[in-house]
Protein chains: 2
Amino acid sequence: MSKPASPARAVTIHDVAAAAGVSKSTVSLVLQGSTLIRDETAERVREAARKLGYVYNRRAAELRSNSSRTIGVVINDLMNPFFAEVLVGLERKLVDAGYIVFMAHTSEDLRRQEQVLATMREQNIAGIALCPVLGTPQALLKTVKSWGIPLVVMVRPLGTSAYDYAGSDNEGGVALATAHLIARGHRHIAFLGGRRGPVFEQRLAGYKRALADAGIAFDEARVFAADPTREGAHDCTLAMLDSHAEVTAAACYNDLVAFGALSALGERGLRPGKDFAVMGFDNVLAAAHSNPPLSTVDVRPGALGEAAAALLLHRISAPGSAPSRYIATPHLVLRQSA
Amino acid sequence: MSKPASPARAVTIHDVAAAAGVSKSTVSLVLQGSTLIRDETAERVREAARKLGYVYNRRAAELRSNSSRTIGVVINDLMNPFFAEVLVGLERKLVDAGYIVFMAHTSEDLRRQEQVLATMREQNIAGIALCPVLGTPQALLKTVKSWGIPLVVMVRPLGTSAYDYAGSDNEGGVALATAHLIARGHRHIAFLGGRRGPVFEQRLAGYKRALADAGIAFDEARVFAADPTREGAHDCTLAMLDSHAEVTAAACYNDLVAFGALSALGERGLRPGKDFAVMGFDNVLAAAHSNPPLSTVDVRPGALGEAAAALLLHRISAPGSAPSRYIATPHLVLRQSA
DNA sequence: CTGAAAGCGCTTACAG
DNA sequence: CTGAAAGCGCTTACAG
């Protein structure tokens, strides 16, 4: 592939210096808003810059000053609205803080994750916010640390060592959801959807805990792992309905799974919330207006993204500080599906 | 705000040159995979680089060579899965072509759009892919052109002049959807949701055309504009049901609107597809597993993003070529809601 | 096949 | 308060 053309970059600091009759240093100083330059001079410089159509070359500036105002964000699954909401919160907070974001999507592909991380490293970024792909080795933490790039990991924990992390209380949240189902009189409750992994185990633990608290025996046959997509959940729900007629409720891995369950239920002529209870997890925007509206566990996805941004910004400004975590407190939100 | 720290950048091309006993030029050449350098020398250089933990500073290289491998993508509404799917297709194609993407989200805020565009301009980007905010002035086209930055606009047209554009046949698509409703025997059909703007007018025109083709009089009272969100559509549907009991079907502005309608219908005890017909537009992933699955118009959102990427890449490699357009051909996909 | 030199657009001590 | 000079990490003619 040929080298791409790039925008004309005719006018530089040198040109405006000449036009304003000052030195490059003076122009640089006024561009940075320095108070060292007399008002009158500064005004003359700004006028010249305006007239010439000068545009600041931030990358050149960052190269010289060895600074960076860009942050890499890597997301594993943007097709799940939960991650889209996290991304929006994160991006908003980052640009408000004066950063610009490199965004890369990995589609749960480990190789692509390695590739985009390597590419970002070459870009002199100030930090990385990562929703790791399923199966990401813990060693990635050490690798990125060795690069000297601040990192915050989001949603999926990456081992037990200390690192900046923004996630939610998965166990507590699903325990809440399951306990609600039990309180409504359900005794045969499934745990539905999701792929095995750290988050799955935490949520499953919440399900088990709620059962145990109610004196209900845990039955491995009632946990139905499946792709955490609408389609995976839809198919899985159909199969469950056929093979486990006694089940009357499901604590779902997340809202997407719950939506798939709603769809399958409807297909079978079952009314969610009446004939079969379903609880979601996340409380994505869509949950408020599904058919029927979804009872779920709110972990405030957007706020989670903002929290991740805050952690990363703090790490950047205080590299030596101790790692910290944001764990969203789950809240039950009851609508019509359970 | 203090200047953010940046990663340690200890080792440079200079260091590896010293370690390998060659000049900087030679190192640069082998890094670029030039065939000018003897294999043995190249290997020695690569070995030294590896040993020293050298990492290429792409931004410095781009500054020197006045090239750019980064593209700015600005999206107006990531909370709509349609745009998320467009973004994913776009990003995938761009990184496959060796680019990295700056992503900014505008939340339909014109001021933020101007701000992120200005920021991206300072970053020496190779191109911009823009889903313009509602109310973006046509003049933006000229402005970006004057910057010398290749631009592709997506989804929402921006005036009548020639420019690279990726969108869909809105009029044809909604005509298809409306005609289907008519074929099913509906005579009192609403056009539901969406905010006035170029896309709205095109889709509304399709609705009118289908009515006219069937000899049904258009009634302005049957077009219900509303925020193109689940919530806006939900509330609007409820109001419509109350005030226009004769309406038995709706051609929706997009899938998100249709989902809101599904929710409202369910709330009223109406069965979508039986008691009231709903047609969507876009065919987002979620449409296949809503409750009930949504009949809609497929414009392949992901492919649209890929097409936008292709247009932009072409513009970058052939700046002088004539502007071109990708207009997705709509296809009816019939599921349960109509 | 490889090296010495200039320079991309900027910042930053250092003088004055 | 402002200018001259060096240099960030790289590339690219130009010699040899």
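Lettering of chains follows the sequences in order, A, B, ..., and the numbering in each one begins at 1. It should be emphasised that the depicted structure is a prediction, and the values quoted were computed from it without experimental measurement.
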Legend entry - side-chain N/O B/Ser23 vs C/dG3 OP1/OP2, d < 4.0 Å: yes
Legend entry - Euclidean distance, atom CG of residue A/Asn66 to atom P of D/dC8 [Å, nearest integer]: 10 Å
Legend entry - Aromatic ring proximity A/Tyr326/A/Tyr165, centre distance under 6.0 Å: no
Inset, instruction - Could you provide the dot-bracket string of DNA chain D, using ( ) for intrastrand pairs, [ ] for crossing pairs and | for bases paired to another strand, with Watson-Crick or G-U pairs below 3.5 Å? - result: |||.||||||||.|||
Inset, instruction - Residues of residues 38-47 of chain B with any non-hydrogen atom less than 4.0 angstrom from an atom of DNA chain C: list those, numerically ordered, please. - result: B/Arg38, B/Thr41
Inset, instruction - Please state whether the base of D/dG9 and the side chain of B/Arg64 form at least one donor-acceptor pair under 3.5 Å? - result: no
Inset, instruction - For A/Leu36 and C/dT11, give me the distance from atom CG to atom P, rounded to whole Å. - result: 14 Å
Legend entry - Distance test, side-chain N/O of A/Ser28 to OP1/OP2 of C/dC10, below 4.0 Å: no
Inset, instruction - Select base, sugar-phosphate, or nothing to describe what A/Gln32 touches, counting heavy atoms under 4.0 Å on all strands. - result: sugar-phosphate
Inset, instruction - Find the distance A/Arg58:CZ to C/dG9:P and express it as a whole number of Å. - result: 17 Å
Name the pairs: protein N/O against N/O of nucleotides 13-16 of chain D, kept only if under 3.5 Å.
none

Legend entry - Nearest-nucleotide 5' precedence on DNA chain C, B/Ala60 against B/Thr26: B/Thr26
Legend entry - Any donor-acceptor N/O pair, A/Ser28 side chain to A/Lys24 backbone, under 3.5 Å: no
